[in-house]
Protein chains: 2
Amino acid sequence: MNSFESTAQYLKEKGIKPSYQRVRVLDYMLQNKNHPTVDMLYSALSPEIPTLSKTTVYNTVNLFLEKGVVQLIGIDEQEMRYDADITTHAHFKCDRCGRILDLRLNSEGAIFQGIEGLKIREIQFYLKGLCQECQAVKKV
Amino acid sequence: MNSFESTAQYLKEKGIKPSYQRVRVLDYMLQNKNHPTVDMLYSALSPEIPTLSKTTVYNTVNLFLEKGVVQLIGIDEQEMRYDADITTHAHFKCDRCGRILDLRLNSEGAIFQGIEGLKIREIQFYLKGLCQECQAVKKV
DNA sequence: GTATCTGCAAAACATTTGCAATTCT
DNA sequence: AGAATTGCAAATGTTTTGCAGATAC
């Protein structure tokens, strides 16, 4: 089974119809683990899929988000990034080259792998969910 | 010494000329620890400072960022938020009411205070700085 | 009186929306 | 044919920029 077919199969399992564009977008993310922006996806795929539009890339990543195929990475202030690795892990963005590295966590939740040699300037830790008051509100 | 004057003094110490608008913006952030967006700052202060413009609020928060008076909080996908508390701490955003709560860290770096009762849906952990290769590059 | 600061209007982007054309089954 | 998908064009909303007038020292 080639890469295209296995990616299409993965989308089917996630409840997404594997159109050509969708499979190519996810395939790109699985092969280049570079946490791409919509623009990066469009620029990379557009030469090979000349009719591709940015709207379709937006539609696709939003559908992927909704279905839990990718996670949103807000590390960038200007543009959103997307990650097909949906396991819990931290991200490091280099101020100079802009690259985004993955950092794995150890069982205690302390940073474990890949942090050696990095010069940390800023740390951001976000949690999202429901606060106590909002959990008490009846669902409509 | 009243609140306005001590805030002005604080700005001077940080190397910022304490114009009326700047002092009022920082004063608002110190008194309402609500991690405001530019729009929240503008809406709150505009009635009392009728000539205030959004451009000035943007200028002000960007100057504050540059001088280390506030930190940028990217927890919101649509708008940036700003925090006059520049100590290291985590943030929690409620999906329903949109409020942002502060979470203090204990000495081991594990979450400590305020997390009880929250229903966590998503965790984002970002670090920024210089990667190994970029540290090796000579400064121009 | 000269620097700086403010604020209006316009520009610059990232993202979304409306809708018509295309594609798939 | 019918339903879903794609993609163009226009709209939306946040943030930045250019510049002229106001303010401060």
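Computed from a predicted model, the values in this text were never measured in an experiment. All chains are named by letter (A, B, ...) in the order of the sequence lines, taking the proteins before the strands, and each is independently numbered beginning at 1.
Across every non-hydrogen atom of B:Gly74 and A:Tyr126, the tightest pair is N-OH, 2.7 Å. Between A:Arg81 and A:Met40, the shortest heavy-atom distance links the atoms NH1-SD, 4.0 Å.
A:Ile49 places its CD1 atom 15 Å from the C1' atom of C:dT23, with the value rounded to the nearest Å. Atom P of nucleotide C:dT6 and atom CG of B:Leu52 are separated by 9 Å, given to the nearest angstrom. Spacing between atom CG of B:Asp76 and atom C1' of C:dA14 amounts to 15 Å, rounded to whole angstrom units.
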Using a cut-off of 4.0 Å between protein heavy atoms and nucleotide atoms, how would you tag nucleotides 19-25 of chain D 5' to 3' with B, S and -? -------

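Within residues 63-74 of chain A, no residue has any heavy atom closer than 4.0 Å to DNA chain D. A heavy-atom distance below 4.0 Å to DNA chain D is reached by these residues of residues 18-35 of chain A, ordered by number: A:Ser19, A:Gln21, A:Arg22.
For D:dC25, the paired base is C:dG1 (Watson-Crick or G-U wobble, both distances below 3.5 Å).
Applying the ring pair (Phe, Tyr, Trp, His ring centres under 6.0 Å) rule to pairs touching residues 6-26 of chain B yields B:Phe4-B:Tyr20, sequence neighbours excluded.
In this structure A:Glu77 satisfies the salt bridge (Lys or Arg N to Asp or Glu O under 4.0 Å) test together with B:Lys128, sequence neighbours excluded.
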Kindly indicate, with the supporting measurements, whether the criterion side-chain contact (heavy atoms from CB on, under 4.5 Å) is fulfilled by A:Arg99 and A:His35. CA-CA 9 Å; A:Arg99 224 179 330 193; A:His35 317 85; over 6 Å; no

Pairs: protein N or O with nucleotides 12-18 of chain D N or O, under 3.5 Å:
residue: D:dT15; atom: OP1; partner: B:Met80; partner atom: N; Å: 3.0
residue: D:dT15; atom: OP2; partner: B:Tyr58; partner atom: OH; Å: 2.8
residue: D:dT15; atom: O5'; partner: B:Tyr58; partner atom: OH; Å: 3.4
residue: D:dT16; atom: OP2; partner: B:Asn62; partner atom: ND2; Å: 3.0

